[in-house]
Amino acid sequence: MGLMQKFDEPNIITTSTDKLFNWARKNSLWPLQFGLACCAIEMMSTGMAHNDLERFGAGFFAGSPRQADVMIVSGTVSTKMAERMTRLYEQMPEPKWVIAMGACAISGGPFLDGYSVLMGADRVIPVDVYVPGCPPRPEALIFGIMTLQKKIEREQQVGYEKPRPALVDEEGNIREYLPEREYRQISEGKAHRPKGIKRLPRTYVFQRKGLPPGSMTDVGWIPPEARERLKARRGAGASGSGEREEGKEGA
Amino acid sequence: MAVALPEGSLEERLERYLEGFRSRHGLEEARVEGNTVVLGVDPGSVPAVLSTARQSLGILHLSFITVVDRQGSFELTYELLDMRGARVRVKTVLQGEESVIDTVTGIYPTANWHEREAYDMFGVAFRGHPDLRRVYMWQDHFDHHPLLKSFEISTKRTFEGLR
Amino acid sequence: MLREERRAAEEAITLIRPATSRLVDPDIRDEFGLETLDMNMGPQHPAMHGLLRLILELDGETIVRCDPVMGYLHRCQEKIAENRTYPAVIPLTDRLDYFANMHNEHGYCLAVEDLLGVEIPPRAEYIRVLMCELMRIASHLPSIGFLLLELGAFTPILYAFRERERIQNFFEAVTGARMMFHYIRIGGVKADLPPDIPEKIWEYVEGLEKRIKPDFIDLIEGNEIFIERTRGISRLTQEEAIELGLTGPPLRCTGVAFDVRRDYPYSVYPELDFEVVTDTAGDVEASYRVRIKEVYESIKIIRQCLEKMPEGEVMGDVGRRVRPPEGEGFGRVEGPRGEFAVHVVSDGSDTPYRVHYRDPSFVNMQLLQEKMPGHYLPDIMPIMGLVDPVSGGWDK
Amino acid sequence: MTLGLLQQEIGYGVLYLYVGAFILLVVGFVASVLVLARLIAPSRPSETKRRVYETAETSVTDPWRPFPVRYYVFALLFLIFDVEAAFLYPWAVVYRELGVYGFVEMVVFVLILGAGLAYAWKKGALRWV
C-alpha cells in the first residue's frame with residue numbers, strides 16, 4: 001500500500017509531495033503503443049522526427065501496458081475491442097491517464113451509424129483529455145499532451161477517487177462484454193428494431209464521480225480579436241447581469 | 001515455372017470465352033459488354049462454369065464475390081479476371097429462403113475468405129467450404145447478419161433533408 | 001561474384017527444402033506425445049500492422065498452424081454507405097485503406113462514373129493520376145520503413161516518414177487535408193492545383209530520385225541481417241500466388257506481371273508510359289525490391305503527368321444531386337497494396353443500394369493462413385512486411 | 001602505474017576497502033530506489049491487473065507445457081563454453097609471467113573442451129530442425 005494512500009484528505013505532506021511527483025510524472029509520460037486506425041498514423045508521425053514527441057518526454061512508445069502511463073486511444077473502438085481496451089487499461093500500473101484521440105474515440109466519429117462501433121472510448125474507460133479532429137494534426141496531439149501535462153500538474157493523490165471502468169466490477173475482473181446487449185440499442189439513432197428485441201437502458205457508461213479539483217483545462221490559444229471580444233463581453237457581463245456571472249463560476 | 005496467361009487480342013479472347021461457355025453449358029443469357037463476358041447462371045451450375053473458366057479457358061484470377069440482398073432473394077456476382085484485359089462476370093440468383101450454394105474454393109482457393117465474409121454479412125452458406133466461420137463479427141453472441149436489408153441501422157439520409 | 005553465387009546457392013536450397021519440411025507430422029507428434037503450445041499474438045501488437053490477432057499453434061519455435069482473427073476494426077463501411085447519398089460516401093472511402101486514401105476515392109468515383117456514364121475533363125484525369133502516384137510513394141516508403149522497423153532498423157522509418165511529411169504538405173496545399181482528402185469527386189476533382197504546386201512537386205521529385213539511393217537502397221540492400229531475415233522467407237511460386245488471389249507487390253514479386261494500370265487501363269494511364277515492375281524470387285526481399293522500383297516508376301509517371309497536364313476546368317457537368325440510373329457500376333484501381341475494386345449497385349434512388357469493396361489487404365492476408373506453417377516465430381514480422389496489410393482495409 | 005604505487009605504500013588489504021565501499025554504494029542505491037517506489041507509488045491491485053498480459057487477450061492455453069529438448073541442450077553447451085571463457089580471462093592477464101608452461105596448460109584445457117564440442121556435434125545435439 002502506498003504511503004501516501006494512508007491519508008484520506010489532502011494535508012501538508014501530500015500537497016508538498018504532490019508538486020514533486022506531479023512534476024516528475026508530467027515530464028516522463030510513456031504512451032502505450034495502442035494504435036487502432038488512421039489516427040495511429042498521425043500518432044506515428046507525431047512520434048517521428050518532424051514534429052517530435054520526445055521533446056515532451058513522451059517519445060518512448062511502450063509496447064506493453066506494464067510500462068505505460070498514458071493510453072492514447074487513437075482510432076475507432078469497435079465493440080469487439082471494448083473488452084480488450086478495458087483489459088489493457090486495467091493492466092496499466094497506477095497512475096494512468098487516457099487521451100481519446102480523434103472523433104472516433106471521442107464519440108464514434110464518422111461511423112455513428114455503425115452497428116459494431118463503440119460510441120466513444122469514454123463509454124467504457126474514464127478519459128482525461130479529448131483531442132478532436134479526424135485525424136487530428138500532429139500539433140493537435142501535442143497540444144493534447146500539453147493539456148494533459150497541465151492537468152497532471154494540478155492532480156492530487158488523495159481525496160479524489162478516479163472512476164472505475166464500466167466493464168469492471170468490484171473485485172476487478174472484467175464482465176463479459178456482450179455486443180448483443182450494446183448493439184440492440186444499435187447506434188444511438190432512432191433505428192427500427194428487429195422484431196422481439198427490447199430497448200436496453202444505457203448500462204455501459206461509467207458514472208463520472210465528479211472531476212478532480214482544478215482539472216478544468218484552460219481554453220488554450222485563442223485568436224487575438226476573439227480574445228478582445230471575450231474580454232469585452234465579460235466586462236459587459238460583469239456590469240450587466242450578475243447572476244450569469246455566478247452561473248459561469250458555479251459550473 | 002512461369003504461369004501461362006491466355007494469348008490473343010481482347011476481341012479474340014472474348015469470343016473464345018463466349019464460345020467456350022456456350023458450348024459447354026448452353027447458356028442463353030451470355031453476352032459481351034465492352035471488355036466483359038456476362039453470364040446468367042442458375043446456382044447449381046456455378047462450380048461447373050467456374051471450373052471451365054479456370055481449367056479450359058485459363059482465366060486465373062477471381063477478383064471478388066458480391067452478394068446483394070434483393071429482399072427475398074440473394075443475387076451473387078462472381079467477377080473473374082484473365083489478367084490481360086478481359087473480364088467474366090457470373091451472376092446467379094438464390095431464390096427464397098434456402099440461401100445455400102456450392103463453394104468454389106476447390107477451383108479458386110482465394111474464394112475462401114470471400115465466402116466467409118459473405119456468410120458473415122448475409123448468411124449465405126457455402127456447401128463444402130473448409131471452415132465456414134464469421135470473419136468480422138463475434139463468433140457466438142451475434143446471431144444477426146448485419147448487411148441484410150431487414151437489419152436497419154439508422155434513418156436513411158437523402159437529398160431532401162439537405163439544402 | 002561471391003555474393004551472387006551465395007545467393008544462387010541459397011535459392012536452390014530453399015527450393016529443395018521448403019519451410020513446411022520443418023514440421024513434424026501430426027501422427028508422429030501424437031505417438032511421442034509432443035504437445036504444441038497455443039499462443040495468440042493479439043490485437044494490440046506493434047508488428048501487426050493494425051488490429052489483427054493471430055492464434056498460433058507453436059511446436060517449440062516453429063509455427064504449426066496460424067489462424068488470423070479479424071474484426072477488431074470493423075467499422076460497418078458497407079452498411080453506412082447504403083444509408084448515405086452517393087457524394088457523401090466518398091469521405092468514408094478515405095478511411096478504408098488509410099495508407100492509400102486517394103486510390104480508394106478514385107476507385108469509388110470510377111464505379112459511380114461508370115454507372116452515370118459521365119465525361120471527365122482531361123485535366124481532372126491528369127490531376128487524379130498525379131495525386132494517386134504521390135500517394136503511392138507516400139505509402140510504399142512507409143511500408144518499407146515498417147518492414148525494416150520490425151527487423152530492428154529504426155533509421156529507414158525516420159527517412160520514410162520524412163518523405164511522407166513532405167508529400168503530405170503537397171496534399172495539404174492541394175486538397176486542404178493531410179490524410180483524409182475528400183478531393184476526388186464524382187465527375188472530376190474538387191478544385192484546381194494551386195499555381196505554384198506543379199513546379200514544387202517537380203523539384204521535390206527531382207530531389208527524391210537522388211535521395212532514394214543513399215537513404216534507402218544503400219542502407220538496406222547490403223545489410224547482412226536484412227538478407228538473413230528476408231531471403232527465402234515465405235517463398236512463393238507463381239501458381240501459389242495466383243491461387244491465393246494475391247495482387248500488387250506480393251504477386252509481382254513472384255514474376256507475374258499483373259498491374260491494373262496496364263492490363264485494365266483506367267483514367268489516362270494508356271497515354272503514360274511506365275513498365276510493370278516484377279521480380280523472380282517471390283520472397284520478402286523480392287517484395288522490397290518491387291516496392292523500391294515502383295517508387296521510381298511512380299516518379300516517372302509524376303513527371304509525365306506534370307508535362308502533359310492540359311488546361312481546362314476540373315469538374316464535369318455533374319450536378320450536386322447524383323442520381324444514377326438503376327444498374328451496376330464497377331471501378332478497379334491499382335492501389336499500393338494491390339487491386340482495389342468497388343462494385344456499386346444502384347436502385348435509382350439517392351443512396352446506393354449496395355456498395356462492395358474488394359480490398360487488397362483482405363485478400364492478400366490469406367497468405368498468412370497458407371504460408372505461415374513451418375516458419376519460425378520471428379518470421380511473422382517479415383511475412384507481415386511482404387503483405388503489408390492495413391487494418392482499415394481488411395476490416396472494412 | 002598508479003595501481004602499482006598504491007599497492008606498495010598501503011598494502012594490499014586496503015584496496016578491498018574501496019571495493020567494499022563501492023558495493024555498499026550500489027546495494028544501497030538499488031535498495032533505496034526499490035523501497036521508495038514501493039512506498040510512494042499508489043497501488044490499487046485488481047484481479048485483471050494480476051492476470052497475464054498477452055496482447056490484450058486472455059491466454060489460450062497455459063504456457064506450462066513440454067518444450068522440445070534441443071533448447072535445453074543448447075543452454076547447457078552455452079554454459080560450458082561461457083565458463084571456459086571466464087577461465088581464459090585471468091589466464092590472459094598474467095600470460096607473460098606464466099611462460100610456455102602456462103600456455104601448454106591452457107591449450108590442453110581448450111582441447112579437452114573442443115573434444116566435448118566435437119562429440120556433441122557428431123551426436124547431433126546441435127542439429128536444429
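Order of the sequence lines sets the chain letters (A, B, ...), proteins ahead of strands, with each chain counted from 1.
B:E75 and C:R354 are not joined by a salt bridge, as no carboxylate oxygen comes within less than 4.0 angstrom of a charged side-chain nitrogen. Taking a cutoff of 4.0 Å between a charged side-chain nitrogen and a carboxylate oxygen, B:E117 and C:K396 qualify as a salt bridge.
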List the steps and the verdict of side chain to side chain contact (heavy atoms under 4.5 Å, CB included) for C:Y264 and B:N35. CA-CA 9 Å; C:Y264 295 83; B:N35 66 350; 4.1 Å; yes
Quick one: do C:E328 and B:T66 satisfy side chain to side chain contact (heavy atoms under 4.5 Å, CB included)? Show the steps, please. CA-CA 11 Å; C:E328 282 179 337; B:T66 309; over 6 Å; no
Output, in order, the C-alpha distance, side-chain angles, deciding distance and verdict of salt bridge (charged side-chain N to carboxylate O under 4.0 Å, His left out) for C:D67 and B:R133. CA-CA 12 Å; C:D67 166 24; B:R133 287 175 293 141; 3.3 Å; yes
Verdict with reasoning, C:E339 to B:L81, per side chain to side chain contact (heavy atoms under 4.5 Å, CB included): CA-CA 11 Å; C:E339 169 210 356; B:L81 306 179; 3.6 Å; yes
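The closest donor-acceptor contact from the side chain of B:Y136 to the backbone of C:R75 lies at 3.5 Å or more, if one exists at all. With hydrogens and angles disregarded, no donor-acceptor distance shorter than 3.5 Å links the side chain of C:E243 to the backbone of B:P109. Remark: side-chain polar atoms of C:R358 are paired, donor with acceptor, to backbone N or O of B:S63 under 3.5 angstrom. Counting only distance, with no hydrogens or angles, the side chain of C:Y353 and the backbone of B:D69 share a donor-acceptor pair below 3.5 Å.
The minimum heavy-atom distance linking C:Q238 with B:V3 is given by the pair OE1-N, 2.8 Å. Residues B:T110 and C:L244 approach most closely at OG1-O, 3.3 Å, considering heavy atoms. The heavy-atom pair separating C:Q369 from B:W113 by the smallest distance is OE1-NE1, 2.9 Å.
In this structure, B:R89 satisfies the cation-pi test against C:F330, with its NZ or CZ atom closer than 6.0 Å to the six-membered ring centre and inside 45 degrees of the ring normal.
Contact check for B:V135 versus C:F362: side-chain heavy atoms found under the 4.5 Å cut-off.
Contact annotation for B:T36: neither backbone nor side-chain heavy atoms come within less than 4.5 Å of a heavy atom of chain C. Proximity to chain B is absent for every atom of C:R262, based on heavy atoms less than 4.5 angstrom apart.
With B:H61 as reference, C:T247 is the one residue of C:I242, C:T247, C:V256 to meet the side-chain contact (heavy atoms from CB on, under 4.5 Å) rule.
The CG atom of C:D263 lies 9.0 Å from the CE atom of B:M83; values are rounded to the nearest 0.5 Å. Atom NE2 of C:H356 is separated from atom CD of B:E79 by 10.0 Å, given to the nearest 0.5 angstrom. Going from atom CE of B:M121 over to atom NZ of C:K79 covers 10.0 Å, rounded to the nearest 0.5 Å.
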